[in-house]
Amino acid sequence: VKRAKESGRSEVYQPAAFTIARAQFAMETELRHAVEEKRLRLHYQPICDLASGRITKFEALARWRTQDGREISPTEFIPVAEESGLIVPLGRWAIEEAASTLAGWDRAAGGNSGVRMAVNLSAIQLQRDTVVDVIERTLTAAGLTGDRFTLELTESVMVSDPDRIADTMLALKGLGATLALDDFGTGYSNLAYLQKLPIDILKIDRSFVTGMLADRDKLAIVRAILGLAQALGMRTTAEGVETIELGQTLGALGCNYGQGYVYARPLDAAAAWSMLAERNA
Ligand code: C2E
Ligand code: MG
Ligand code: MG
Ligand code: MG
């Protein structure tokens, strides 16, 4: 408090800061229990090939309902998990759960169901966990080959140790996995790393996609990203496709895949499987 006064900060700010810190800590404690007791769930959102309309992949997205019944968004609890280190056990659980769901779909299909699974990896996980070993062991245990998995990373992975991250990414490629750069366009403007890293897919952030038909600047950015990806030999996925017209326009512009509410919201495993069976029949 004394230091806050000396630095000229408002005194009313202090109690607010304490309240926020206490709320953060309460959430962290609750989240720790939820992770330990495996009370998180995964929902799965389809990703469609824009040319054929077929579902080629599902993205696994973490869901958390607290014991008193509140549904907390991952945009809230993932940052808390990252700050507290809980992202390591949470991330391992997500990898195992997604693999187990995919293996279940294969069993239901009587062989390779032909669909792939995308899992989000946090930069903290890449720094602190032995993610490559975890994924390799999980795939083996589930009887899946590495080509069935896509790992979604954000540009923030480049902050820490680019050389080490590049090694980790190469090791993931060595397992046969696909690497996607998530939320592309919202991170760093340094494009040099695109050349150096083995990225297969750019996921165009939904802040550019959703409103692009009514906003020339957004459309220009989307076109530029598509051009960049094509020139670098990468495929593209548009996030936030909310209308049929948007999906059609993106397909005509050469975007490979689309993900968004027009196809489906993230669904539980059973609903995702029904949708796959129906759409790809
Ligand atoms: P993300 O990886 O970019 O995932 C896409 C987000 O966009 C999801 O939000 C999805 O529900 C939402 N979305 C999809 N289509 C549309 C659309 O048409 N319109 C709109 N408005 N939104 C759409 P969600 O599930 O709330 O997840 C938010 C973020 O939390 C994810 O963004 C990802 O960064 C993070 N996250 C979720 N699960 C995990 C996880 O298991 N591990 C890690 N490290 N991060 C996760
Ligand atoms: Mg993602
Ligand atoms: Mg994304
Ligand atoms: Mg996003």
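As the structure lists them, so they are numbered: ligands from 1, and atoms in each ligand from 1.
- Between Trp273 and Trp105, the ring-plane angle classifies as parallel under the 30° and 60° cut-offs.
- Taken to the nearest 0.5 Å, the OG atom of Ser100 stands 9.5 Å off from the CG atom of Leu42.
- Ligand 1 has Arg63 within reach: a non-hydrogen atom of the residue lies less than 4.0 Å from it.
- Within a 6.0 Å radius of CZ in Arg41, other residues, nucleotides and ligands contribute more than 12 heavy atoms.
- Put simply, the side chain of Thr243 gets close to the backbone of Leu246: a donor and an acceptor are under 3.5 Å apart.
- In this structure the side chain of Ile47 reaches within 4.5 angstrom of the side chain of Lys203, judged on heavy atoms.
- If you look at Glu59 and ask which of its N, O or S atoms sits nearest the Mg ion (ligand 2), the answer is OE2.
- Residue contacts with ligand 1 for Gln45 involve side-chain atoms from C-beta outward but no N, CA, C or O (heavy atoms, distance under 4.0 Å).
- Considering all non-hydrogen atoms of both residues, Thr237 and Cys255 come closest at C-SG, 4.2 Å.
- Looking at Arg265 against ligand 1, nothing comes within 4.0 Å, counting heavy atoms.
- Polar contact with ligand 1: present for Asn120 (N/O pair, distance under 3.5 Å).
- Contact annotation for Asp182 and ligand 1: only side-chain heavy atoms (C-beta onward) come within less than 4.0 Å of the ligand.
- Residue Asp183: an N/O/S atom is found under 2.8 Å from the Mg ion (ligand 3).
- Put simply, Asp182 gets within reach of the Mg ion (ligand 3), with an N, O or S atom under 2.8 Å from it.
- When the heavy atoms of Arg206, Glu152, Glu97 are ranked by distance to atom 7 (O) of ligand 1, first place goes to Arg206.
- Of the heavy atoms in His43, none comes closer than 4.0 Å to ligand 1.
- Taking only non-hydrogen atoms, the option from Gly258, Pro74, Pro79, Ala118 nearest to atom 26 (O) of ligand 1 is Pro74.
- Of the charged side-chain nitrogens involved, none lies within less than 4.0 Å of a carboxylate oxygen, so that Arg63 and Asp268 do not count as a salt-bridged pair.
- Under the 3.5 Å distance criterion, the side-chain polar atoms of Arg279 are matched with a main-chain donor or acceptor of Gly53.
- Results of the side-chain contact (heavy atoms from CB on, under 4.5 Å) test with Gln67 over Glu30, His33, Arg39 single out Arg39 as the only residue that passes.
- Between atom 17 (C) of ligand 1 and the options Trp64, Trp93, Tyr263, Tyr261, the minimum heavy-atom separation is to Tyr261.
- Under a cutoff of 6.0 Å and an axis angle of 45°, Arg22 and Phe25 do not form a cation-pi pair.
- Looking at ligand 1, you won't find any N or O of Gln125 less than 3.5 Å from one of its N or O atoms.
- Checking only distances, Ala60 never comes within under 3.5 Å of ligand 1, N or O to N or O.
- Residue Lys203 places no heavy atom under 4.0 Å from ligand 1.
- Minimum-distance N/O/S atom of Glu152 relative to the Mg ion (ligand 2): OE1.
- The Mg ion (ligand 2) lies at 2.8 Å or more from every N, O or S atom belonging to Glu239.
- Distance check, rounded to the nearest 0.5 Å: CD of Gln125 to OG1 of Thr168 gives 12.0 Å.
- At a heavy-atom distance under 4.0 Å, only side-chain atoms of Asp183, from C-beta outward, approach ligand 1.
- The main-chain N or O of Thr186 is never found under 3.5 Å from a side-chain atom of Asp205 such that the two would form a donor-acceptor pair.
- Residue contacts with ligand 1 for Ser122 involve both N, CA, C or O and side-chain atoms from C-beta outward (heavy atoms, distance under 4.0 Å).
- Residue contact check for ligand 1: Pro266 places a non-hydrogen atom closer than 4.0 Å to it.
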